[in-house]
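Protein chains get the first letters and strands the later ones, always in sequence-line order, with residue 1 at the start of each. FYI, side chains are in, hydrogens and waters are out, and symmetry mates aren't considered; it's all heavy atoms of this structure.
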Number of protein chains: 2
Amino acid sequence: MLSKKTKYGLKALSYLASQDNRLPVQIAEIAKHENISQKFLESILLTLRKSGLLGSKKGKGGGYYLIKDPEDILMTDVMRILEGPIALVPCVSLNFYEQCEDCPDEATCAVHKLMLQVRDSALTVYRNNTLADIIK
Amino acid sequence: MLSKKTKYGLKALSYLASQDNRLPVQIAEIAKHENISQKFLESILLTLRKSGLLGSKKGKGGGYYLIKDPEDILMTDVMRILEGPIALVPCVSLNFYEQCEDCPDEATCAVHKLMLQVRDSALTVYRNNTLADIIK
DNA sequence: TGCATACTCTATTAAATCGATAGGGTAAAA
DNA sequence: TTTTACCCTATCGATTTAATAGAGTATGCA
């Protein structure tokens, strides 16, 4: 299941991408428009800023804004930042690989075999979608 | 992330499918072979039996066995029984649909648009894999 | 300079979920 | 009638999730 963090983060990014200009947008405005708890959204936007997707400006007229064009923001990056690994099990993860303690052999593991396909299919979707694509 | 319940359930099904015959296999044997907590596995096998994938036999010589051929057991069914919805958000779920309270319009929702694609790609994988496929 | 604005950061918490465990109950076979 | 092995309920600790509170800090502007 998709976490609310990811859901809200995607909605916030979409809202920013659909602005006419790149002027900073206040947290309060995003929260209100997307029906998100403002405080919770704060922490999400902070995460997105630290990961380089958003910029921020303090003080009057401040807020958050996109650093890159929506066309250049890949869903693979967004998902990994907000949701973490795209793979459903660590043993098929590209960026967060971990061996299973209980599994004697990945090559013959049925779970591994299935989850590898699921990961690839999800990756294909995320790689083929930018922020611009999903707000159209 | 895939729950251990699903992971263990898949492993147990794989183990049963790879048997030479259809004689009942004891929980203890499956648990030992697949490195699973026996008590936890008990509840998982019970779920699989209630959903019609497994049969069971009590008493001496008892255990669990596959009811259908591995070729006829689709991963879509297994995943829905063990893991629940395949969709990452209820608003794109075929079997567990629910409307989002916070979302004013699904048609224009970016999250909806993206997750619809993810669901379809996962469904394709699960529909194209039977239990027989993943133990090969 | 001083004030208002709005982001920054830490800590806390309630609720839900997960994975595992305990223990007695019951059906079936020998 | 005894043993075997599945059946079922209850509970529990740990973790994660979603949300909240509140103090801190940088910026713009008068």
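Here salt bridge (Lys or Arg N to Asp or Glu O under 4.0 Å) pairs that include residues 39-56 of chain B, with residues two or more places apart or in two chains, are B/Lys39-B/Glu42.
Between B/Leu66 and B/Pro70, some side-chain heavy-atom pair lies under the 4.5 Å cut-off. The side-chain heavy atoms of A/Leu131 and A/Lys68, taken from C-beta on, include no pair separated by under 4.5 Å. The shortest distance between side-chain heavy atoms of B/Thr130 and B/Ile73 does not fall below 4.5 Å.
Here C/dC18 presents its P atom at 11 Å from CG of B/Leu2, a figure rounded to the nearest Å. Rounded to an integer number of Å, the gap from CG of B/Leu54 to P of D/dA5 is 18 Å. Between the CZ atom of B/Arg49 and the P atom of D/dC6 there is a distance of 12 Å, rounded to whole Å. B/Leu23 has its CG atom 14 Å from the P atom of D/dC6, to the nearest Å. Here C/dC18 presents its P atom at 14 Å from CG of A/Leu88, a figure rounded to the nearest Å.
Which of C/dT8, D/dC7, C/dG19 sits closest to the side chain of B/Ser3 comes down to C/dG19. Listed nucleotides C/dT8, D/dC7, D/dA18 differ in distance to A/Lys4; the shortest reach to its side chain belongs to D/dA18. Taking the side chain of A/Lys50 as heavy atoms from C-beta on, and the options C/dC9, C/dC7, D/dA19, the nearest nucleotide is C/dC9.
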Polar-atom pairs under 3.5 Å, protein N or O versus N or O of nucleotides 11-15 of chain D: list them with distances, or write none.
none

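Side-chain heavy atoms closer than 4.5 Å link hydrophobic residues (I, L, V, M, F, W, Y) into clusters, and following such links, even through other members, never connects A/Leu53 to A/Leu74. Each of A/Tyr65 and A/Ile44 belongs to its own hydrophobic cluster when Ile, Leu, Val, Met, Phe, Trp and Tyr are linked at side-chain heavy-atom distances under 4.5 angstrom.
The side-chain hydrogen bond (donor to acceptor under 3.5 Å, both in side chains) check on A/Glu106 picks up A/Tyr97, with sequence neighbours excluded. The ring-ring contact (aromatic ring centres under 6.0 Å, His included) check on A/Phe96 picks up nothing, with sequence neighbours excluded. Under the side-chain contact (heavy atoms from CB on, under 4.5 Å) criterion, B/Ala28 pairs with B/Gln38, not counting sequence neighbours. When the ring-ring contact (aromatic ring centres under 6.0 Å, His included) test is applied to A/Tyr64, no partner is found at least two apart in sequence or on another chain.
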What pairs of donor and acceptor atoms, side-chain ones from residues 107-127 of chain B against any protein atom, are under 3.5 angstrom apart with sequence neighbours left out?
unit_1	atom_1	unit_2	atom_2	d
B/Thr108	OG1	B/Asp105	O	3.3
B/Thr108	OG1	B/Asp105	OD2	3.2
B/Lys113	NZ	A/Asp133	O	3.1
B/Lys113	NZ	A/Lys136	O	2.9
B/Gln117	OE1	A/Asn129	ND2	2.9
B/Gln117	NE2	A/Asn129	OD1	3.3
B/Arg119	NH1	B/Val92	O	2.8
B/Ser121	OG	B/Val118	O	2.9
B/Thr124	OG1	B/Asp120	O	2.8

Donor-acceptor list for residues 10-22 of chain A side chains, cut-off 3.5 Å, not counting sequence neighbours:
unit_1	atom_1	unit_2	atom_2	d
A/Lys11	NZ	B/Asp102	OD2	3.4
A/Ser14	OG	A/Leu10	O	2.7
A/Tyr15	OH	A/Glu29	OE2	2.7
A/Ser18	OG	A/Ser14	O	3.2
A/Ser18	OG	A/Tyr15	O	2.9
A/Gln19	NE2	A/Tyr15	O	3.3
A/Asn21	OD1	A/Leu23	N	3.2
A/Arg22	NH2	A/Asp69	OD1	2.3

Going through the distances and angles, do B/Ser93 and B/Glu98 end up as a side chain to side chain donor-acceptor pair (under 3.5 Å)? CA-CA 8 Å; B/Ser93 178; B/Glu98 261 179 68; over 6 Å; no
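For the contact set between residues 90-102 of chain B and DNA chain D, defined by any heavy atom under 4.0 Å, there are no members. Interface residues of residues 24-31 of chain A facing DNA chain D, ordered by number: none; criterion, heavy-atom separation under 4.0 Å. Across residues 32-45 of chain A, A/Ser37, A/Lys39, A/Phe40 each have a non-hydrogen atom less than 4.0 Å from an atom of DNA chain D (numbered order).
The two residues A/Gly62 and A/Gln26 have their closest heavy-atom pair at O-CG, 3.6 Å. When all heavy atoms of B/Glu83 and B/Leu2 are compared, the closest pair comes out as OE2-CA, 3.9 Å. Nearest heavy atoms, A/Pro85 versus B/Met1: CG-CE, 4.4 Å.
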Using a cut-off of 4.0 Å between protein heavy atoms and nucleotide atoms, how would you tag nucleotides 25-30 of chain D 5' to 3' with B, S and -? -SBS--
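Contact annotation: B/Tyr8 side-chain N/O to C/dA20 OP1/OP2 distance is under 4.0 Å.
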